[in-house]
Amino acid sequence: MPELPEVEVTRRGLAVLLGRRVTDVVVRTGRLRYPLPGDLIGQIGGKALTDIGRRGKYLLLALGAGHLLIHLGMSGNLRLVAAAEAPARHDHLDVVFGRTVLRLRDPRRFGAVLWLEGDPATHPLLARLGPEPLARGFTAGRLAAALARRRTAIKPALMDSRVVVGVGNIYASESLFRAGIDPRQPAARVTAAQLAKLVSAIKDTLRAAIRAGGSSLRDYVQAEGDLGGFQRRHQVYGRAGEPCRRCGTLVRCLRQTGRATYYCPRCQK
DNA sequence: ATGTGACCCTGGATGC
DNA sequence: TGCATCCAGGGTCACA
């Protein structure tokens, strides 16, 4: 579910917790992608939340000298609920801040919660990540360097977190449509002019999705429980057989490395 | 090293 | 109605 825009919208929605202290932790499921920390209350109990960061699709909650790393996997969401609200199925973790509870729900349990001590950037899950797409340092030149000699198609290459972080299956298709690039084109053959358009398209697409509150397909909601709105503005994702919003040609779907890719055969060359 | 498919897990949609 | 099959915002792992 959550790609960079959804994680970023979630991150912003948690800002009301800044400065508040953890009063309790409730773990209902011992294992997501990894086992949950065994003594989470001992590690974060009583500590104040001093920062909420994001690296790619990972959230980093600064608590005392460490960070609580949270990944939402395919179906996770984080909501702020009242302490009295009863948990539902798949509500695996509560981090309690007095009357407000940060509640993690994740039906498929592909998400992760880890306690990190020391510099998060050096953690194995984060150390090899590529550039942040919305940072100034993400340029056509840097993208060209990352894609050089790569023989795979541009679309799966864009979803490789070593190339750029945060671009998942929806926004890879959407960005390539916006840039007018055929998703099947070999990554290393995409021209410099196309890469310049692609970098702009990725930034524009992600920013627009963040403004719209993300894409809610099945499981994703914002921190206050609201649905995102960007799915209504998808140009190609999930629209196979429907007319391209730009030229009217029917949108096509194909499968690349096991994932559905949507594109307009006329607008994308 | 790079590329691809299996796999982790649950639930919804579809088809027989 | 019931059951089987396929598919889904991600990431890791084994193996070509």
Side-chain angles (χ1 to χ4, degrees), chain A residues 1-11 28-36 54-59 69-78 88-92 104-114 123-130 133 145-175 183-189 202 205-206 208-210 212-222 227-234 236-241 253-262:
Chain A
M1 123 15 294
E3 302 184 35
L4 185 149
E6 293 76 33
V7 177
E8 177 62 19
V9 170
T10 298
R11 187 189 75 80
R28 298 188 191 82
T29 303
R31 187 183 182 90
L32 300 178
R33 167 168 294 285
Y34 311 107
L36 267 69
R54 179 186 58 73
R55 179 74 174 100
K57 299 170 190 165
Y58 294 91
L59 284 169
L69 174 149
I70 301 178
H71 193 287
L72 299 176
M74 197 85 109
S75 60
N77 65 52
L78 279 171
R89 188 166 166 78
H90 305 307
D91 284 345
H92 306 306
L104 173 66
R105 179 175 302 179
D106 184 3
R108 294 178 73 180
R109 286 188 271 131
F110 289 169
V113 177
L114 296 174
H123 189 277
L125 288 177
L126 306 181
R128 297 202 181 116
L129 294 179
L147 297 178
R149 287 176 251 83
R150 295 215 41 169
R151 306 178 68 99
T152 194
I154 183 64
K155 193 264 194 170
L158 271 189
M159 295 175 65
D160 183 338
S161 64
R162 293 168 303 180
V163 172
V164 59
V165 296
V167 181
N169 206 38
I170 293 177
Y171 299 110
S173 281
E174 292 295 307
S175 298
R184 297 165 295 188
Q185 193 171 341
R189 299 245 182 87
I202 291 168
T205 301
L206 296 178
I210 291 168
S215 298
S216 287
L217 298 187
R218 173 161 286 138
D219 301 298
Y220 168 73
V221 296
Q222 302 181 39
L227 297 176
F230 196 69
Q231 65 281 3
R232 288 191 295 273
R233 284 191 254 164
H234 291 171
V236 289
Y237 185 85
R239 298 192 62 246
C253 180
L254 57 83
R255 199 150 291 271
Q256 293 181 291
T257 62
R259 312 299 297 277
T261 299
Y262 299 87

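Protein chains get the first letters and strands the later ones, always in sequence-line order, with residue 1 at the start of each.
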Please check: side-chain N/O of Asp106(A) versus main-chain N/O of Gly111(A), any donor-acceptor pairing under 3.5 Å?
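Flag set: sc Asp106(A) to bb Gly111(A) pair under 3.5 Å.
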Flag for Ser215(A)-Tyr171(A): side-chain donor and acceptor within less than 3.5 Å:
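The criterion, which ignores hydrogens and geometry beyond distance, is satisfied for Ser215(A) and Tyr171(A).
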Which one, [options], comes nearest to the side chain of [X]?
X: Arg255(A); options: dG11(B), dA8(C), dG3(B); value: dA8(C)
X: Tyr34(A); options: dT4(B), dA8(C), dT12(C); value: dT12(C)
X: Thr152(A); options: dT12(C), dT4(B), dG11(C); value: dT4(B)
X: Tyr58(A); options: dG11(B), dT4(B), dG11(C); value: dG11(C)
X: Arg89(A); options: dT10(B), dG3(B), dA8(C); value: dT10(B)

Arg218(A) or Arg108(A): which one's nearest nucleotide on DNA chain B is closer to the 5' end?
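So the residue in question is Arg108(A).
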Rounded off to whole Å, could you give me the [atom1]-to-[atom2] distance for the [X] and [N] pair?
X: Ile154(A); N: dG3(B); atom1: CD1; atom2: C1'; result: 15 Å
X: Leu217(A); N: dA13(B); atom1: CG; atom2: P; result: 13 Å
X: His90(A); N: dG12(B); atom1: NE2; atom2: P; result: 8 Å

Using the six-membered ring wherever Trp is involved, compare the ring planes of Tyr262(A) and Tyr237(A) and label them parallel, tilted or perpendicular (cut-offs 30° and 60°).
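The rings of Tyr262(A) and Tyr237(A) stand perpendicular, inter-plane angle above 60°.
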Are side-chain heavy atoms of His71(A) and Leu59(A) found at a separation under 4.5 Å?
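Not in contact.
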What interatomic distance, in whole Å, is found between P of dC9(B) and the corresponding atom of dC3(C)?
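dC3(C) and dC9(B) have their P atoms separated by 23 Å.
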For Leu72(A) versus Leu104(A), what's the shortest heavy-atom pair and its separation?
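Heavy-atom minimum between the residues: CD2-CD1, 3.7 Å.
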Which part of the nucleic acid does Arg149(A) contact within heavy-atom distance under 4.0 Å: base, sugar-phosphate only, or nothing?
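Here Arg149(A) touches no strand at all.
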Check every strand shown and say whether Ala112(A) touches a base, only sugar-phosphate, or nothing at a heavy-atom separation below 4.0 Å.
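No contact.
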Under 3.5 Å on both distances, the Watson-Crick or G-U partner of dC9(B):
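Because no pair has both required distances under 3.5 Å, dC9(B) counts as unpaired.
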Could you check whether Phe110(A) and the base of dC9(B) form a stacked pair, meaning centres closer than 5.5 Å and planes differing by less than 30°?
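The ring of Phe110(A) is not stacked on dC9(B).
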